[in-house]
A.B. asks: 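Let me begin by handing over the structure; questions about it come next.
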Number of protein chains: 2
Amino acid sequence: MESISQLFKALGDQNRLRVVAALMEYDELCACQLTELLQITAATASRHMGVLVACGLVRSRKESRWVYYRLTQESRPLLEMLDWLSRQLANDATVKQDRIKLAAITSCDKNELCKKYTC
Amino acid sequence: MESISQLFKALGDQNRLRVVAALMEYDELCACQLTELLQITAATASRHMGVLVACGLVRSRKESRWVYYRLTQESRPLLEMLDWLSRQLANDATVKQDRIKLAAITSCDKNELCKKYTC
DNA sequence: TGCATAGTTAGCCAATTAGCTAACTATATA
DNA sequence: TATATAGTTAGCTAATTGGCTAACTATGCA
């Protein structure tokens, strides 16, 4: 019960929903890319990612200074939830806009991007 | 996006999850029964039910003094979500305890029950 | 080694939320 | 008609949460 409500709470925030939607379309995204997508500070993005990691939806790996996040996709219930979410958000206006932004964000060279986008 | 996050927010509270779990097992429950189940005041229960009604998961009908709530089950996405939830909560400890309490609550005569349980 | 950079954590603030009590509304009853 | 009853709404309190800035940690580079 507690883990279920935590999962719902995690997804009850629109910025976090946008993150999950983005990670459903990209294998992996860097913290700076997500920060840029959401147009919030790195500190806030980091906290949101902490919530998603804590509820099991997302996991991270570090590569030198860069932290990459991806969906865990390791449990059947979470996969089913993501499938449901994918269908509900397929034609969502915000997600559509994010797709365009993400195409631009991910087409930048990583060093250039992180230099440009951090704080 | 907004309605999705509202749905997740609604389900992000444990008492509201318990209500939805109860309504998955009983066609319809009276406000006083839910109040008794959750062991909170009628005012708080009423507010929780307002949240569930607002996000579309639950609807109510009034019969003299009594207000009955039931799951709407009128949209495919919500049905799928309830199916998912039903599977995740099938063996949940809290839901199991609630089943026992609900059996007792629903076996009471309504007038007796409302007299006994309100406030 | 000192400075720069990416990301995290701590703490502050404002907004939101779950609990409560009291007041209110709608219905029943003596 | 006055009182009782079931449920809702308003408002208060404490806790939580999303935003921020500043400080901190880990890594890179001159």
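Note on naming: letters A, B, ... go to the chains in the order of the sequence lines (proteins, then strands), and numbering restarts at 1 for each one. What's counted below: heavy atoms across the whole structure, side chains too, no hydrogens, waters or symmetry copies.
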A.B. asks: Among B:Leu37, B:Ile40, B:Leu34, which one satisfies side-chain contact (heavy atoms from CB on, under 4.5 Å) with B:Asn15?
C.D. replies: B:Ile40
A.B. asks: Have a look at A:Thr41 and say if it touches a base, only the backbone sugar-phosphate, or nothing, with a 4.0 Å heavy-atom cut-off.
C.D. replies: base
A.B. asks: Does C:dA10 have its OP1 or OP2 closer than 4.0 Å to a side-chain nitrogen or oxygen of A:Arg47?
C.D. replies: no
A.B. asks: Of all the choices, D:dC29, C:dA28, D:dG7, which nucleotide is nearest to the side chain of A:Arg65 once you look at every atom?
C.D. replies: D:dC29
A.B. asks: Give a yes/no answer on whether the side chain of A:Tyr69 brings an N or O atom under 4.0 Å of OP1 or OP2 in C:dA6.
C.D. replies: no
A.B. asks: Mind checking if B:Ala45 touches a base, just sugar-phosphate, or nothing, with heavy atoms under 4.0 Å?
C.D. replies: nothing
A.B. asks: Using whole Å, report how far CD of A:Gln14 lies from P of D:dT17.
C.D. replies: 17 Å
A.B. asks: Within this structure, what is the CD-to-P distance between B:Glu63 and C:dA28, rounded to whole angstrom?
C.D. replies: 10 Å
A.B. asks: What is the distance, to the nearest angstrom, from the CD atom on A:Gln33 to the P atom on C:dA6?
C.D. replies: 13 Å
A.B. asks: Working to the nearest 0.5 Å, report the span between OH of A:Tyr69 and CD of A:Gln33.
C.D. replies: 12.5 Å
A.B. asks: What is the distance, rounded to the nearest whole Å, between atom CD of A:Glu2 and atom P of D:dT16?
C.D. replies: 12 Å
A.B. asks: Take the protein atom CG of A:Leu34 and the nucleotide atom C1' of C:dA6, then report the distance between them rounded to whole Å.
C.D. replies: 13 Å
A.B. asks: Can you see if the side chain of B:His48 gets near the phosphate of C:dT17 - specifically, an N or O under 4.0 Å from OP1 or OP2?
C.D. replies: no
A.B. asks: Expressed in angstrom and rounded to an integer, what is the separation of A:Tyr68 atom OH from C:dT8 atom P?
C.D. replies: 13 Å
A.B. asks: Within the 4.0 Å heavy-atom criterion, would you say A:Ser64 contacts the bases, only the backbone, or no part of the nucleic acid?
C.D. replies: sugar-phosphate
A.B. asks: Quick one: CD1 on A:Ile4 to OG1 on B:Thr94, what's the gap to the nearest 0.5 Å?
C.D. replies: 11.0 Å
A.B. asks: Closer than 3.5 angstrom, by distance alone: can the side chain of B:Thr35 be matched with the main-chain N or O of B:Ala31 as a donor-acceptor pair?
C.D. replies: yes
A.B. asks: Using heavy-atom distances to pick each residue's nearest nucleotide on DNA chain D, tell me which of B:Lys62 and A:Lys62 is more 5'.
C.D. replies: B:Lys62
A.B. asks: From C-beta outward on A:Ala43, which listed nucleotide comes closest to its side chain: D:dG7, D:dG19, C:dT9?
C.D. replies: C:dT9
A.B. asks: Give a yes/no answer on whether the side chain of B:Thr44 brings an N or O atom under 4.0 Å of OP1 or OP2 in C:dC20.
C.D. replies: yes
A.B. asks: If you check the B:Ser46 side chain, which of D:dG7, C:dG7, D:dT8 turns out closest?
C.D. replies: D:dT8
A.B. asks: Can you spot which of A:Leu82, A:Leu79, A:Leu78 makes a side-chain contact (heavy atoms from CB on, under 4.5 Å) with A:Thr72?
C.D. replies: A:Leu78
A.B. asks: Send over the distance from A:Asn15 CG to C:dA15 P, rounded to a whole Å.
C.D. replies: 18 Å
A.B. asks: In whole Å, what is the span from the CG atom of A:Asp13 to the P atom of C:dA15?
C.D. replies: 17 Å
